[in-house]
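Below: one structure, written as C-alpha cells.
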Amino acid sequence: MTPLGKAADLADVIDRYVADFRAFAGNGAGGAPSWLKEIREDAIARFAQLGFPTTKQEAWRFTSVAPIAETRFVRAPGSEVPVSESRVEQFLLRGAAGPRAVFVDGRYAPALSSRVGLPQAVEAGSLAAALGAGGGSELARAHLARHVAWRESPFAALNTAFLLDGAFVHIPTGVALEQPLELLFISTDQSLGPAVTHPRNLVVVDRGAEAAVIEHYVSLARGLYWTNAVAEVVVGDGARVEYYRVQSESRDAYHVATTHSQQGRDSYLGLHVVTLGGALARHDVHTVLDGTGAELILNGLYLLGGTQHADHHTLIEHARPHCASHEFFNGVLDERAHGVFTGRIIVRPGAQRTDSKQTNNNLLLSTEARADSQPQLEIYADDVKCTHGSTVGPLDQTALYYLRSRGLSTETARSLMTYGFAAEILGRMRRAEVRERLDRVVRDRLESGAAARAA
Amino acid sequence: MLEIKNLHASVEGHEILRGVDLTVRAGEVHAIMGPNGSGKSTLAQVLGGHPAYTVVEGSVLFEGRDLLAMKPEERAREGVFVAFQYPVAIRGITNAYFLRSALNAIRKHRGEEELGPVEFMDRLEDKLQVIGWDSTYLSRPVNDGFSGGEKKRNEILQMAVLEPKLAILDETDSGLDIDALKTVAHTVDKLRRPDNATVLVTHYYRILTHIAPDFVHVLSDGRIVKSGGKDLALELEEKGYDWIREGAAVA
C-alpha cells in the first residue's frame with residue numbers, strides 16, 4: 001500500500017501546496033486584479049478542504065492519484081527555455097500554416113505564436129496579458145472560473161488557485177474563423193525536478209460566431225512532470241464550435257484536466273477528445289446544454305499501451321428542453337494499459353424532448369489490458385429519449401474471419417479492424433484538415449504498437 | 001473445379017457433415033437444398049475455411065489443389081468466395097476501403113498491379129449499377145447499420161467486385177423481399193460465365209425460379225441424399241423435405 005494512507009502525511013501534502021500558494025500569491029501573482037486574487041484565495045482554501053481524492057471516492061474508484069500526491073512537484077519556472085520554431089512546427093497539428101498560441105511550460109511564448117489569418121477583432125493569446133492590464137479584461141472577469149465547478153474538484157480548485165496563464169480566446173459575434181486556431185502547450189523544463197504547470201484556458205465564442213480550436217499538449221522532454229489543466233469553453237447562442245483536445249504528453253507524465261463547456265440556445269459544439277500520452281491521465285469533461293435547441297457531439301478516443309492509465313469522466317447536463325447530445329468514446333488498449341470511462345448524463349427537470357445517446361466501446365488487444373466502463377443516467381424529466389451502451393472485449397473472431405475470407409491476411413485484418421475502432425471516432429470530426437492530421441497520428445501510433453507486439 | 005469427397009466436419013465436437021460428395025465443374029450452377037440443421041451452412045463455412053469448424057475426414061480439391069490446406073485468405077485469393085448468411089459489421093472502415101483492400105489483396109496474389117482509390121472507383125461504377133446502389137453505400141462503414149437486405153446486397157457487390165471462380169452463396173436469399181431477391185438473383189445470373197461456377201445454398205425454392213440451376217442436391221443429416229436437375233427443386237417445393245428424409249432412412 002502507499003505510504004499516503006496516514007492522515008498526517010495527507011495533511012503534510014496539503015500544507016505543502018498551501019505554503020507554495022502563499023509564496024506564489026505573495027510573489028509572482030502580484031499583478032493580478034483583486035477579483036482574481038479573491039478567487040484564488042477561495043480556491044486554495046477549497047483545495048485544502050478537499051485534499052487529493054482517494055479510490056474510496058466513487059468518482060475515483062478506478063484511478064489512484066497517489067503517485068501525484070506523493071511527488072514533490074515544483075511550479076515550472078517558465079524561464080526562457082529555448083524552443084526552436086522548427087520544433088514547434090513539428091508539433092503543430094496544422095503545421096505552420098495556421099494561427100496558433102504557443103505556451104512553453106505554461107507561459108505564453110509570443111515569439112512562437114502567430115495570428116496569421118485571424119480577423120483583427122479576434123483575441124487569441126495570453127490569459128495573463130488579458131488579466132494584467134487595468135483590472136483585467138471585462139470578458140475574462142465575466143467568465144473566468146464562473147463556469148467550471150472548481151468547488152467540487154480538488155484539481156480544478158488547485159488549478160484555479162495557481163491560475164496564472166494559458167490561452168484566452170474570444171471570437172466576437174458573427175465572426176467565422178476560416179482556419180482552426182491551435183493552442184499548443186509544450187512541457188520542457190525538468191531542471192528543478194518534477195515540474196507542474198496549471199494551464200488555464202478560457203475560450204469565448206459569441207453569438208452566431210464559428211470557430212475550430214485545437215487544444216494540444218506535447219512534451220519535449222522525457223521524465224516525470226505534471227500538467228493540471230482547466231479549460232472553460234463558452235459557446236454563445238447560435239454559435240458553432242469544433243473543439244479538439246489532443247493529449248500527447250510524454251509517456252512518463254501525469255496529466256489531469258477539466259474541460260467545461262457551456263452552450264447557448266441553438267448552438268453546436270463538437271467536442272473531440274483524443275488521449276494518447278501520459279503514464280497517468282484523468283480528464284473530467286463537464287458539458288452543459290444551457291439553451292433550448294443546443295446540440296453536442298462529445299466524441300472521444302483513447303489509444304493506450306505499456307502501463308498507461310487513462311480515465312475519462314464525462315458529465316453531460318441537459319439543463320434545457322429540445323437539446324441533443326451524442327456521446328461516443330472508443331478505447332484501444334494494448335499491453336497492460338487500463339482505460340476507464342464514466343459517462344454520466346443528467347436530464348434536469350423541465351429538459352423535455354431531450355435526445356441523448358451514449359456509447360463506449362473498448363478493444364482489448366492484449367490479455368493483460370483492462371477497461372472499465374460505467375454509464376450513469378439520471379433523468380428528471382419524462383419526455384426524453386436516452387440510450388446508452390458499452391462493450392469491452394478483444395477483436396471479434398467472426399469479423400476477423402470475414403475479412404480473411406475476402407483475401408486479407410490475418411495481420412491486415414487485425415490492423416484494419418483496430419484502425420476502424422479509431423476511425424469511427426475520427427470520422428465525426430468535421431474539419432477535414434484536423435481529421436486528416438489526427439488520422440496520420442493515429443495510424444503511426446497503431447503501427448508502432450503492432451510493431452512492438454510483433455517484436 | 002471443385003471436388004468434395006467423403007467430407008466429414010464437426011463443430012464443438014458435434015459431427016455435422018457426415019460424408020458429403022459433390023463435384024462442381026466450370027460453368028455450372030448447383031443448388032444445395034435441405035431442411036434446417038441438415039448441414040448446408042456448415043458445408044459453406046467449411047469451404048470458406050471458418051476456424052470454428054474441424055474437418056474430421058475426407059478431401060476437397062479446388063482446381064486440383066488441396067483446398068482444406070489453405071488459409072481462408074488463400075482460398076479467397078485463389079478465387080473462392082463465400083457470401084455469408086450473416087454478414088459481419090466492421091466499424092469505422094468504409095465499404096469502399098474494404099472492397100479496395102480485398103480486391104488489391106487478390107490482385108497482388110495474381111501478380112497484377114494494385115488499384116489506387118480513383119481507378120478503383122471507376123471500375124466500381126457499373127458494379128454498383130447492377131445491384132441498384134448509389135455511391136453513398138461506399139462511404140458507409142461495412143455492414144454497420146445496414147438492413148438485412150442491404151447486407152445481402154453488399155455480399156453480392158463484393159462478389160461482383162472480386163470476380164471469384166467459385167462463388168458459394170450461403171442462404172443469400174433468406175430474409176429478402178421480392179425486389180431484393182430479384183436483384184440478387186439477376187446479379188448472380190449476370191455474373192455467370194463459362195469459366196466460373198456457383199453453389200447456391202438455400203432453404204427455399206423461390207430463388208431458383210430466377211436462377212436456373214444445372215443441378216439440385218438435397219442435403220439431409222450431413223449427407224447428400226438425392227441429386228437431380230431443376231425439377232427436383234420443384235418436387236421439394238411441392239412435397240417438402242420429409243419424403244426425402246423418410247426415403248433416406250429406408251435406403
Side-chain angles (χ1 to χ4, degrees), chain A residues 272 274 299-303 326 328-332 357 359-363 387 389-430 432 435-436 438-439 442-443 446, chain B residues 44-45 47-53 70-95 97-110 114 139-145 151 154-155 157-159 161-164 167-168 170:
Chain A
H272 309 279
V274 178
N299 187 41
L301 173 66
Y302 40 102
L303 302 182
H326 290 163
F328 312 89
F329 268 73
N330 279 6
V332 178
K357 182 181 169 186
T359 62
N360 172 230
N361 296 307
N362 293 280
L363 176 58
T387 62
S390 74
T391 61
V392 176
L395 282 174
D396 180 55
Q397 289 302 308
T398 308
L400 205 55
Y401 165 59
Y402 184 60
L403 294 181
R404 292 177 69 197
S405 80
R406 299 299 179 253
L408 303 180
S409 69
T410 306
E411 206 37 61
T412 305
R414 284 183 71 95
S415 70
L416 197 65
M417 284 172 66
T418 307
Y419 167 68
F421 239 78
E424 189 176 52
I425 298 298
L426 298 175
R428 288 192 197 90
M429 299 176 173
R430 296 190 179 182
R435 184 178 65 235
E436 281 157 18
L438 285 171
D439 186 82
V442 162
R443 280 171 188 268
L446 291 175
Chain B
Q45 295 298 348
L47 295 176
H50 195 300
Y53 297 86
M70 299 180 201
K71 294 177 186 171
E73 57 268 37
E74 290 167 343
R75 300 179 193 202
R77 292 171 196 170
E78 290 294 337
V80 177
F81 178 90
V82 178
F84 280 43
Q85 188 180 356
Y86 303 108
V88 185
I90 310 292
R91 59 164 29 114
I93 300 299
T94 63
N95 230 357
Y97 189 84
F98 167 54
L99 278 170
R100 186 162 67 87
S101 303
L103 180 61
N104 278 338
I106 290 167
R107 288 178 66 89
K108 195 175 163 191
H109 179 73
R110 291 187 197 142
E114 296 183 40
S139 51
R140 285 172 60 181
V142 182
N143 296 329
D144 199 3
K151 285 182 185 174
N154 208 20
E155 294 294 286
L157 175 63
Q158 291 171 26
M159 177 180 148
V161 169
L162 300 180
E163 298 177 332
I168 299 150
D170 185 7

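Predicted model, so just to flag it, every value in this text is computed and none were measured. Protein chains get the first letters and strands the later ones, always in sequence-line order, with residue 1 at the start of each.
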Need one label for [X]: side chain, backbone, both or neither, based on atoms under 4.5 Å from any heavy atom in chain A.
X	result
B:Arg91	both
B:Asn104	neither
B:Gln45	both
B:Tyr86	neither

Hey, are the side chains of [X] and [Y] touching, using non-hydrogen atoms and a 4.5 Å cut-off?
X	Y	value
B:Phe81	B:Glu163	no
B:His50	B:Val82	no
A:Asn330	A:Leu363	no
A:Leu408	B:Ser101	yes
A:Phe328	A:Glu424	no
A:Met429	A:Val274	yes

Chain A interface, residue from [options] that has the most non-hydrogen pairs under 4.5 Å:
options	answer
B:Glu78, B:Lys71, B:Arg77	B:Arg77
B:Ala52, B:Gly48, B:Pro164	B:Gly48
B:Phe98, B:Phe84, B:Tyr97	B:Phe84

Practice prompt. Answer with side chain, backbone, both or neither: which region of A:Thr410 has an atom nearer than 4.5 Å to a non-hydrogen atom of chain B?
Written response: both
